[in-house]
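So the structure is just underneath, and the comments pick up after that.
Every value quoted in this text rests on a predicted model; they were computed, and no experiment measured them.
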Amino acid sequence: MATPYTGDRVLGTNAVISESFAKRLTDLPAELLEHILCFRVLNHIDICNVSCTCKRLHDGCHGRGKVWAHQYKLRWPRLQRFYQQNESYDWLKEFKTRHVVGQQIRRTVEDSITKQLIIFSKIPCVGQVLGDSFAEIDSLGAPEHFCEDELLGILNSDKRKCLTLKYYAKKILYFLRQQNILRNLKVFLERPPEQQSALEGAVLIDQYCNPLADTTLESISAQIEEITDKVKKYLRVKNATHPSLRVSQGDCFVLENLEFQRQVICALNAVLYDQLQYKGNERDYYNPLNSYIHQVLLRRTGIPISLSVLYMTLARKLGVPLEPVNFPNHFLLRWCQYQRRSEDIYDYVYIDTFGKGKQLAAKECENLIRHQVGADYYSAISTGELLLRMVGNLLNIGKRGEGNEKSYQLLRDSLDLYLTINPDNVQYLLLQARLYFHLGIWPEKVLDILQHIQALDPTQHGAVGYLVQHTLEHIQHKRHPVEPEVKRHSAPEHRDVQYSVGLIMKHKRSGYNCVIYGWDPKCTMSQEWINTMRVHQLSKGADQPFYNVLVQDGTCRYAAQENLEPHSAPLEIAHPEVGRYFTEFSDTHYIANEELQSRYPEDMCKTHRTARSLRHQS
């Protein structure tokens with residue numbers, strides 16, 4: 001007979017388990033009891049309470065049973081893909097572990113905000129804070145998918161609230177995923193060259209630069225398989241007995257007959273360029289999206305190297321062994337016209353994937369770049385060399401950038417990748433050290449990089465010595481951070497400042513929408529900037545308040561007061577840095593987070609008044 005629990009337990013559903021109710025439950029068959037305890041209205045607290053009521057109910061809620069399995073799946077549905085359907089798990093133990101990890105992750109994200117509030121400087125050390133946060137998460141020893149799931153849970157919560165919490169959760173998730181991808185890349189590079197697929201390498205580069213995009217090798221391979229099927233369908237019409245049609249997915253083979261290879265190349269060109277309309281992106285050549293394989297497949301456009309990876313992968317699946325050629329300024333593929341591999345560059349046809357698969361003789365390739373090159377440039381290269389060229393393109397795009405957050409991130413990501421593939425490149429090690437120094441992040445890591453440079457190339461002692469000295473000064477400065485300037489509207493020197501942080505504004509001339517996150521009573525930019533932006537042409541010139549604004553298009557700008565006006569119909573500003581400064585969007589304005597309020601302590605009251613006044617006017 002079941003022994004009832006001596007006291008009542010209040011459930012999350014406001015029901016009370018009394019002694020008589022517990023007895024009625026325990027009289028039910030086990031299957032029916034499990035079915036009742038799996039009702040969606042019962043949460044994990046209810047199940048804990050039920051299991052404490054009596055031995056029969058405690059046994060019915062055992063860790064490996066359906067009840068806790070149901071609770072786990074109900075609470076964390078995204079994690080189901082990590083469990084095998086026919087395996088047995090201690091679901092109560094999994095639930096407890098995931099619950100504890102969730103609390104620890106949330107605490108770590110909240111601590112990141114607190115640390116950022118403490119570390120005040122002209123350039124906030126977000127990178128340093130994230131590095132510390134990653135170390136804390138790593139020290140937990142928790143399953144990675146538990147950590148990711150909690151961070152995703154934070155990101156998917158109420159869209160307009162907890163913006164600062166989401167900002168740091170997103171940064172930490174970005175950082176965590178990148179560390180995992182770097183580990184995967186290192187494993188990839190340790191394989192024998194013949195086991196290194198250009199496609200897999202391209203996916204790893206794509207994943208590292210877009211860690212929140214959920215791009216996987218499986219999803220990319222599935223899309224390529226769909227194109228392969230289209231090529232086979234076209235090939236079947238031209239030659240129903242073609243050997244490539246008999247090959248199953250995943251099989252590795254090489255067509256020995258050159259005519260059969262030619263038929264595959266013709267079919268591939270017809271499908272890729274005529275049917276699917278793939279093309280080289282001449283209009284927007286330096287867009288980094290052209291280098292990401294998932295974007296090439298999505299947008300059906302790219303640059304020579306990314307289109308070559310796609311083309312070469314498809315050709316090899318159909319039995320044609322194309323090779324990558326590191327031709328200057330225009331990546332190519334080469335196709336041997338003999339059964340045995342040749343060292344003679346004239347025994348190959350060169351394929352320009354950027355030019356719709358056009359086939360070129362060796363010397364015709366020089367017309368693409370309008371100058372002559374030596375025979376070495378027609379040689380096949382390894383997958384590692386191909387990836388270095390691909391990352392080098394991204395590096396150059398990052399260096400060409402406008403010096404904003406986006407271009408700095410691309411530069412950092414591409415440097416990380418390049419130095420993972422080629423860790424002893426002094427030129428890029430020095431660039432990485434200078435970049436971190438310029439951004440004011442990871443000074444200890446900068447010292448490690450500089451030490452490595454000095455060991456590789458002692459002739460760099462001048463540049464290294466300069467950076468070491470200033471990095472040590474930065475570390476000292478970090479130990480004694482400078483308090484930020486506090487700006488109050490009530491101060492006499494700020495009497496002309498009409499607007500406040502958090503207000504949604506419209507630029508009168510350019511028409512863009514933005515939100516204010518800072519202001520100065522006068523323009524504080526350099527004379528060069530003032531001249532370039534033609535500030536003197538404004539009616540009040542530089543002698544008027546200027547505002548730091550986050551713009552809808554993702555840029556940050558510095559706008560004169562006379563060019564701004566409150567937006568008549570305030571709307572959310574989809575800028576990646578909004579959460580860095582604001583904690584919530586409240587229909588008419590943004591609410592500053594603790595850090596921003598400490599810098600502008602009187603602004604939120606003014607913002608509330610302005611927003612209320614605008615609402616009454618409308």
Side-chain angles (χ1 to χ4, degrees), residues 12-13 38-48 63 67-83 89-116 126 129-181 207 210-216 219 572 574-586 590-591 593-594:
T13 53
C38 286
F39 282 179
R40 292 183 69 87
V41 292
L42 299 176
N43 62 27
H44 66 285
I45 299 173
D46 299 333
I47 301 305
C48 286
V67 177
W68 278 109
H70 170 76
Q71 282 297 323
Y72 189 90
K73 291 170 186 175
L74 198 65
R75 182 87 180 271
W76 298 295
R78 283 189 299 266
L79 293 176
Q80 295 315 298
R81 60 193 175 94
F82 294 99
Y83 297 94
Y89 298 96
D90 187 337
W91 291 105
L92 177 56
K93 183 180 177 182
E94 292 290 302
F95 193 102
K96 286 178 178 177
T97 304
R98 171 62 184 84
H99 181 71
V100 170
V101 169
Q103 290 180 317
Q104 291 169 325
I105 294 295
R106 191 169 284 267
R107 197 177 304 122
T108 300
V109 179
E110 289 168 351
D111 286 348
S112 298
I113 300 171
T114 305
K115 287 176 186 174
Q116 182 61 25
V126 176
V129 170
L130 295 179
D132 295 342
S133 300
F134 175 69
E136 287 175 25
I137 291 172
D138 209 32
S139 68
L140 297 177
E144 290 173 3
H145 55 284
F146 282 8
C147 300
E148 280 208 10
D149 188 65
E150 183 62 29
L151 292 167
L152 287 169
I154 293 171
L155 292 176
N156 294 331
S157 59
D158 191 333
K159 183 184 175 186
R160 295 184 169 192
K161 296 185 177 179
C162 303
L163 300 181
T164 301
L165 188 70
K166 289 178 188 176
Y167 175 81
Y168 284 94
K170 187 175 182 179
K171 293 283 185 185
I172 292 170
L173 180 60
Y174 192 103
F175 195 82
L176 275 173
R177 285 190 174 178
Q178 281 196 325
Q179 300 312 301
N180 292 334
I181 295 160
Q207 288 175 328
N210 305 282
L212 304 180
D214 289 327
T215 301
T216 65
S219 64
E572 288 183 81
H575 192 287
E577 295 294 297
V578 161
R580 186 170 179 175
Y581 305 101
F582 304 102
T583 188
E584 183 180 338
F585 178 68
S586 64
Y590 278 92
I591 297 173
N593 61 21
E594 191 177 345

Inset, instruction - Could you pull out all residues at least two apart from F82 that satisfy ring pair (Phe, Tyr, Trp, His ring centres under 6.0 Å)? - result: H145

Inset, instruction - Might you work through the salt bridge (Lys or Arg N to Asp or Glu O under 4.0 Å) test for E150 and R98, ending with a clear yes or no? - result: CA-CA 9 Å; E150 183 62 29; R98 171 62 184 84; 2.9 Å; yes

Legend entry - Set of residues satisfying salt bridge (charged side-chain N to carboxylate O under 4.0 Å, His left out) with respect to E577, sequence neighbours excluded: K171, R580

Inset, instruction - Only counting residues at least two apart or in another chain, list the ones meeting side chain to side chain contact (heavy atoms under 4.5 Å, CB included) with K96. - result: L92

Inset, instruction - Could I get the full list of side chain to side chain donor-acceptor pair (under 3.5 Å) partners for E144, not counting sequence neighbours? - result: N180, R183

Legend entry - Residues which pass side chain to side chain donor-acceptor pair (under 3.5 Å) with Q178, listed by chain and number, not counting sequence neighbours: D413

Inset, instruction - Using the test side chain to side chain contact (heavy atoms under 4.5 Å, CB included), find all partners of D214 that sit at least two apart in sequence or belong to another chain. - result: R177

Legend entry - Qualifying residues under side chain to side chain donor-acceptor pair (under 3.5 Å), relative to R75, sequence neighbours excluded: none

Inset, instruction - List for me each residue that meets side chain to side chain contact (heavy atoms under 4.5 Å, CB included) alongside L163, sequence neighbours excluded, and say none if there are none. - result: V578, Y590

Inset, instruction - Name the orientation class of the two ring planes belonging to Y83 and Y72 (parallel below 30°, tilted from 30 to 60°, perpendicular beyond 60°). - result: perpendicular

Legend entry - Smallest separation among heavy atoms of Q207 and T216, with atom names: NE2-CA, 3.8 Å

Legend entry - Set of residues satisfying side chain to side chain contact (heavy atoms under 4.5 Å, CB included) with respect to T164, sequence neighbours excluded: I113, Y168, T583, N593

Inset, instruction - List in chain and number order the residues that pass side chain to side chain donor-acceptor pair (under 3.5 Å) with S157, two or more places apart in sequence or in another chain; answer none if no residue qualifies. - result: none

